[in-house]
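Report on the following structure.
Values below: all heavy atoms of this structure, side chains included; hydrogens, waters and symmetry mates excluded.
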Amino acid sequence: MEKETIFRKQSIQPGDTALLPCNNFLIGVKREKEGWFLRVFEENTASDTVQAEEISSGEYFQSGKSNSLVISPALPSKPLVFKGNKMMIAPHQRMTFFIKIPLVLQVYFSKVQAENLLKEIPSTRLSDTWFGEPDSGVPAYSIGNEYFLSFSDMKVSEFEAICPISIFNDWNQTLEVQRLIIKTDNLPLYKNNSQLVTGVVKLEYKGQDSISSVAYGTAKQFHGENPETVAKPRTNDLKGLLKANFHFIRNIYRFE
C-alpha cells in the first residue's frame with residue numbers, strides 16, 4: 001500500500017491532534033475551536049513519546065472556524081548556492097545536470113492562498129552562506145556540491161525536488177563552475193508523475209567581464225507533456241536576472 005503523502009488537505013476537529021512525520025522530525029498539530037497549535041519537535045523524536053498536551057506549548061495561530069489544514073510544497077525562500085565539484089565546460093559547449101533541492105512545507109488553513117499561510121517549515125536545515133563580493137553579494141543557503149548527469153536515474157524523497165540546470169559556455173576558454181547561484185524566487189515547481197521538478201534553469205556564461213544571462217522554462221523530458229503547476233514562483237520580479245549568476249572564489253582574495 002502506497003504511503004500517504006504529507007502534502008495534502010486533511011480535516012482535524014476541535015480538540016484533536018495529529019503528528020506528521022517529516023524527514024527525521026515531527027510536526028505536531030492541535031485544532032482549537034478557532035485556531036491551531038503548531039509545534040516542530042526535535043530531530044529523532046519518537047511519535048510514541050509525544051503527549052498530546054505537549055503540542056499546546058508550540059505556536060498558536062488564530063484562523064477562524066475552518067477545520068481544514070493543508071500542507072503544500074514550496075522551494076526555499078532564499079537563493080541557493082551550488083558549489084561546483086570539479087565541473088569543467090569546454091568553450092561553446094552546453095552541460096545539463098541536476099541537483100536535489102530540499103522542500104519547504106507551507107502550512108495553510110482552509111485552502112492554499114497567501115492570506116491563509118500559517119507557517120513555513122523547512123524539511124531540511126540548510127546552512128547560511130553568502131554569494132558574491134563582501135560588499136555587493138546576497139545572503140543565501142548552501143546546497144552543497146552533489147549533482148547528477150542523468151535525470152531518469154535520480155532517486156528523490158518526498159521532501160526533495162529535482163532542479164535541471166543547463167549551462168552554455170559562450171566563451172573562448174574552459175569554464176570551471178566554482179559557485180553558482182540558483183534564484184529559487186523565480187522558479188516554479190511542477191509535478192511529473194510522483195516527482196516534483198523545478199523549472200529548468202538556463203544559463204549562458206559570457207566570460208568574467210560580462211554579465212551572464214539566465215532564463216527559466218520547461219522541457220518535456222523533465223516535466224512531461226502537460227506539467228502540473230504545484231507552486232508558482234514566489235516573485236514575478238525579474239530584475240534579479242540581470243545580476244551575476246557565477247562567482248569565482250579567487251576574486252575574494254585578489255589585491256589591487
Side-chain angles (χ1 to χ4, degrees), residues 75-102 126-154 160-190 197-223 232-256:
L75 295 171
S77 57
K78 289 197 296 189
L80 303 176
V81 174
F82 170 75
K83 183 179 180 181
N85 186 3
K86 301 178 182 178
M87 299 172 67
M88 311 289 182
I89 307 174
H92 311 297
Q93 295 296 313
R94 180 180 300 279
M95 179 180 181
T96 299
F97 62 98
F98 310 90
I99 65 171
K100 298 178 182 180
I101 297 181
L126 297 173
S127 299
D128 290 312
T129 190
W130 187 260
F131 181 84
E133 302 295 341
D135 59 346
S136 61
V138 293
Y141 292 124
S142 175
I143 197 68
N145 62 6
E146 184 181 40
Y147 70 96
F148 303 84
L149 294 176
S150 171
F151 177 81
S152 59
D153 291 343
M154 289 187 69
E160 295 173 316
I162 300 174
C163 178
I165 301 173
S166 178
I167 301 175
F168 178 66
N169 181 18
D170 190 12
W171 194 35
N172 59 4
Q173 298 180 35
T174 296
L175 167 64
E176 178 184 357
V177 181
Q178 293 187 18
R179 295 180 93 218
L180 167 68
I181 192 168
I182 302 160
K183 296 159 187 171
T184 50
D185 266 7
N186 298 124
L187 279 177
L189 190 60
Y190 302 102
V197 184
T198 74
V200 181
V201 181
K202 302 176 181 179
L203 292 152
E204 182 179 359
Y205 183 73
K206 302 176 182 179
Q208 294 189 38
D209 297 328
S210 302
I211 296 294
S212 56
S213 64
V214 61
Y216 307 100
T218 59
K220 290 181 180 179
Q221 64 267 41
F222 310 139
H223 301 99
K232 295 180 180 179
R234 288 179 179 265
T235 178
N236 292 320
D237 184 2
L238 299 181
K239 293 179 181 178
L241 300 185
L242 300 178
K243 297 181 179 178
N245 299 293
F246 297 90
H247 185 250
F248 300 94
I249 301 299
R250 62 177 176 271
N251 288 353
I252 295 177
Y253 306 106
R254 72 179 178 217
F255 295 90
E256 298 179 348

Next on the checklist: For K183 and N245: C-alpha separation, side-chain torsions, deciding distance, then whether side-chain hydrogen bond (donor to acceptor under 3.5 Å, both in side chains) applies.
Outcome noted: CA-CA 9 Å; K183 296 159 187 171; N245 299 293; 2.9 Å; yes

Next on the checklist: Apply side chain to side chain contact (heavy atoms under 4.5 Å, CB included) to residues L175 and Q93 and explain how you reach the verdict.
Outcome noted: CA-CA 10 Å; L175 167 64; Q93 295 296 313; over 6 Å; no

Checklist entry - Looking at residues at least two apart in the chain, or sitting in another chain, which of them share a ring pair (Phe, Tyr, Trp, His ring centres under 6.0 Å) with F97? => result F82, Y147

Checklist entry - What residues form a side chain to side chain contact (heavy atoms under 4.5 Å, CB included) with P102, not counting sequence neighbours? => result S123, T124, L126, I143

Next on the checklist: When you compare the side chain of H92 with that of D170, does any pair of heavy atoms fall below 4.5 Å?
Outcome noted: yes

Item to check | D185 CG to T235 OG1 distance, which is reported to the nearest 0.5 Å | outcome: 6.0 Å

Checklist entry - What residues, two or more places apart in sequence or in another chain, satisfy salt bridge (charged side-chain N to carboxylate O under 4.0 Å, His left out) together with D128? => result K78

Next on the checklist: Please enumerate all residues that pass side chain to side chain donor-acceptor pair (under 3.5 Å) together with K202, with sequence neighbours excluded.
Outcome noted: none

Item to check | With sequence neighbours excluded, residues passing salt bridge (charged side-chain N to carboxylate O under 4.0 Å, His left out) with R94 | outcome: none

Next on the checklist: Rounded to the nearest 0.5 Å, what separates atom CG in L75 from atom CG in L189?
Outcome noted: 5.0 Å

Checklist entry - Got a sec, which residues hit side chain to side chain contact (heavy atoms under 4.5 Å, CB included) with M88, two or more places apart in sequence or on another chain? => result T174, E176

Item to check | Verdict with reasoning, L187 to I182, per side chain to side chain contact (heavy atoms under 4.5 Å, CB included) | outcome: CA-CA 9 Å; L187 279 177; I182 302 160; 3.9 Å; yes

Checklist outcome for this item: Of all heavy-atom pairs linking P79 and A140, the shortest is O-CB, 3.2 Å

Checklist outcome for this item: Sorted by chain and residue number, the salt bridge (charged side-chain N to carboxylate O under 4.0 Å, His left out) partners of K220 (sequence neighbours excluded) come out as E225

Item to check | Listed partners of Q221 passing side chain to side chain contact (heavy atoms under 4.5 Å, CB included), at least two apart | outcome: A219

Checklist outcome for this item: Those residues at least two apart in sequence (or on a different chain) that pass side chain to side chain contact (heavy atoms under 4.5 Å, CB included) with E160 are K100, V156, S157

Item to check | 4.5 Å side-chain heavy-atom contact, S77 and R234 | outcome: yes

Next on the checklist: Distance check, rounded to the nearest 0.5 Å: Y190 atom OH versus H223 atom NE2?
Outcome noted: 6.0 Å

Item to check | side chain to side chain donor-acceptor pair (under 3.5 Å) partners for S152, two or more places apart | outcome: S150

Next on the checklist: Just so I know, are the side chains of Y216 and V201 near enough to count as touching, which here means a heavy-atom distance under 4.5 Å?
Outcome noted: yes

Next on the checklist: Looking at N145 and K83, would you say the former's side chain and the latter's main chain have a donor-acceptor pair under 3.5 Å?
Outcome noted: no

Checklist outcome for this item: Sequence neighbours excluded, the answer for side chain to side chain donor-acceptor pair (under 3.5 Å) partners of N172 is none

Next on the checklist: Over 60° means perpendicular and under 30° means parallel, so tell me whether F151 and F222 are parallel, tilted or perpendicular.
Outcome noted: tilted

Item to check | Side-chain heavy atoms of P164 within contact of T198, under 4.5 Å | outcome: yes

Checklist entry - What closest approach, in Å, do T96 and S166 show between heavy atoms, and which atom pair accounts for it? => result OG1-OG, 3.5 Å

Next on the checklist: Contact between L180 and I167 at the side-chain level, heavy atoms closer than 4.5 Å - yes or no?
Outcome noted: yes

Checklist entry - Sequence neighbours excluded, which residues qualify as side chain to side chain donor-acceptor pair (under 3.5 Å) partners of T129? => result R179

Next on the checklist: If you define the side chain from C-beta out and look only at heavy atoms, does anything of C163 sit under 4.5 Å from F98?
Outcome noted: no

